[in-house]
Number of protein chains: 2
Amino acid sequence: MDVKTVCLGMLTQGDASGYDLKKYFESSFGHFFAAGYGSIYPALAALADQGLVSCEEVPQERKPDRKVYSITDQGRAELQAALVDPNPSHKVRSEFLAMMFFAHLLDENHIDTVLNNRVAECDRLLQSIKAFEEQAGGCDCLPSGARFVAGFGKAIASACRHYIEENRKVLVEREARDAGPKVAAG
Amino acid sequence: MDVKTVCLGMLTQGDASGYDLKKYFESSFGHFFAAGYGSIYPALAALADQGLVSCEEVPQERKPDRKVYSITDQGRAELQAALVDPNPSHKVRSEFLAMMFFAHLLDENHIDTVLNNRVAECDRLLQSIKAFEEQAGGCDCLPSGARFVAGFGKAIASACRHYIEENRKVLVEREARDAGPKVAAG
DNA sequence: GAAGTCATGTAAAATGTTACATGATTCA
DNA sequence: TGAATCATGTAACATTTTACATGACTTC
């Protein structure tokens with residue numbers, strides 16, 4: 001599943017411009033599927049080429065024109081086909097963990113800074129997911145999929161934060177070397 | 001930080017061939033930084049070009065020759081420079097969550113299958129991290145960075161598994177629509 | 001006057017994935 | 001005989017990221 005498919009899915013929830021989709025990506029998809037204008041606009045153009053979306057240009061007063069896209073029947077069929085995969089991927093690429101793996105090459109102040117920044121990042125993420133839920137009207141109004149995904153993001157971000165706080169000693173106090181990580185999986 | 005940098009880091013822990021590095025990627029880096037031969041071999045060739053590693057060809061009896069790489073002083077300096085970034089990234093790209101976001105477009109059997117497969121994937125991951133820890137000799141022998149990272153992987157995989165088990169009803173029993181996710185962040 | 005929002009896009013560069021290509025040895 | 005392991009690599013392809021390019025309006 002690529003950016004094109006996700007755009008197609010977003011358009012099942014209402015017509016939108018590339019600019020709108022970027023905002024959806026930021027507010028609800030940001031933590032697990034990022035996309036910038038550089039992928040969204042070409043994706044929409046390709047979808048239009050294939051007849052999976054239609055496009056209407058809407059002139060606006062005192063603002064640039066908008067290109068509003070709608071999903072077509074063919075687009076819906078294509079989306080269904082893309083969603084049958086029983087093993088969708090879930091990939092992590094973490095420079096953070098790679099860096100921590102090489103902790104023995106770093107000085108403790110630097111490790112400390114990196115861990116603090118990562119914790120702050122988790123907090124930002126938690127805040128932004130909560131903002132998304134609230135903005136949608138107290139969370140009961142959200143479709144079940146959006147609620148599940150938001151909850152997932154919160155659970156992982158908070159597990160991440162918690163693990164770092166409980167185990168940073170492993171990395172920073174070299175004497176505590178044989179304490180071992182405190183939170184281990186059951 | 002790209003595959004080249006990670007290879008450089010791995011070579012601080014001892015000389016190795018591309019084939020060896022692939023195994024390191026699988027055993028300890030697999031869950032947060034994947035790489036295949038198609039990235040590793042070109043990375044080593046580029047590092048050698050830049051003088052960051054040196055290469056010795058070792059003929060073997062009854063086996064193909066090995067190209068064993070060692071990090072150079074210049075390579076160590078380059079690695080240090082790559083590790084100063086105070087904000088290393090941690091990116092997730094999840095077709096799984098994207099698919100679940102669009103749960104309202106899927107039938108319940110399919111959702112069920114996808115969730116089961118994801119849980120099984122978490123279990124495989126937990127097993128492989130435990131295998132890595134044990135193979136390293138009971139976990140006390142591991143450098144602190146490797147221990148921290150392994151613990152991190154286990155914590156996240158088990159949070160993921162737990163969240164899915166507790167909240168799959170949100171997606172599958174449509175009547176339970178207003179129950180909401182059970183595990184929310186504090 | 002500066003910064004931010006609205007709005008669209010292209011082009012080049014970087015990066016990674018997949019498939020292909022080869023070939024001996026070992027184990028069941 | 002077939003599958004797995006050891007061992008190296010290339011080439012085409014897909015995909016994303018980054019920088020560039022434009023321009024009006026609004027808010028501080």
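Here is the naming used below: chain letters follow the sequence lines, and residue numbers restart at 1 for every chain.
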Inset, instruction - Round to the nearest Å and state the distance from B/Glu57 atom CD to D/dC6 atom P. - result: 20 Å
Legend entry - Toward the 5' end of DNA chain D, by each residue's nearest nucleotide, B/Pro42 or A/Val3: B/Pro42
Legend entry - B/Tyr69, nearest nucleotide to its side chain (from D/dG9, D/dT8, C/dT8): D/dG9
Legend entry - Expected output: side-chain A/Thr12 to main-chain A/Leu8 donor-acceptor under 3.5 Å: no
Inset, instruction - Calculate the interatomic distance between A/Tyr37 atom OH and D/dC20 atom P; express it in whole Å. - result: 18 Å
Inset, instruction - Verify the contact: side-chain N or O of B/Arg93 to OP1 or OP2 of D/dT15, cut-off strictly under 4.0 Å; return yes or no. - result: no
Legend entry - Separation of atom CG in B/Leu44 from atom P in D/dT8, rounded to whole Å: 9 Å
Inset, instruction - Starting at atom CG of A/Asp65, determine the distance to atom P of D/dA24, rounded to an integer number of angstrom. - result: 13 Å
Legend entry - A/Lys22 side-chain N/O to C/dC6 phosphate OP1/OP2 under 4.0 Å: no
Inset, instruction - Assign the ring pair A/Phe102 / B/Phe29 to parallel, tilted or perpendicular, where the plane angle (0 to 90°) is split at 30° and 60°. - result: tilted
Legend entry - CD/B/Gln50: more than 12 non-hydrogen atoms of other groups inside 6.0 Å: yes
Legend entry - Of the listed nucleotides D/dT15, C/dT10, D/dT8, the one nearest the side chain of A/Tyr41: C/dT10
Legend entry - Integer-rounded Å distance: C/dA7 P and A/Glu26 CD: 14 Å
Inset, instruction - Output the single nucleotide from C/dT8, D/dT17, C/dT17 whose closest atom is nearest the side chain of B/Ser39. - result: C/dT17
Inset, instruction - Using whole Å, report how far CG of B/Asp2 lies from P of D/dT16. - result: 19 Å
Inset, instruction - Return the 5'-most residue of the pair B/Lys91, B/Gly18 with respect to DNA chain D, ranking by each residue's nearest nucleotide. - result: B/Gly18
Legend entry - Whole angstrom value for the distance that separates P of D/dC6 from OH of B/Tyr19: 4 Å
Inset, instruction - Describe the nucleic acid contact of A/Gly38 in one word from base, sugar-phosphate, nothing, applying a heavy-atom distance below 4.0 Å. - result: base
Inset, instruction - Rounded to the nearest angstrom, tell me the gap between atom CZ in B/Phe25 and atom C1' in D/dA7. - result: 17 Å
Inset, instruction - Quick one: list whatever passes side chain to side chain donor-acceptor pair (under 3.5 Å) with A/Asn116, sequence neighbours left out. - result: A/Arg168
Legend entry - Plane angle bin for B/Tyr37 and B/Tyr41 - parallel if under 30°, tilted between 30 and 60°, otherwise perpendicular: parallel
Legend entry - Closest listed nucleotide, where the reference is the side chain of A/Arg66 and the choices are C/dA7, D/dT16, C/dT15: C/dA7
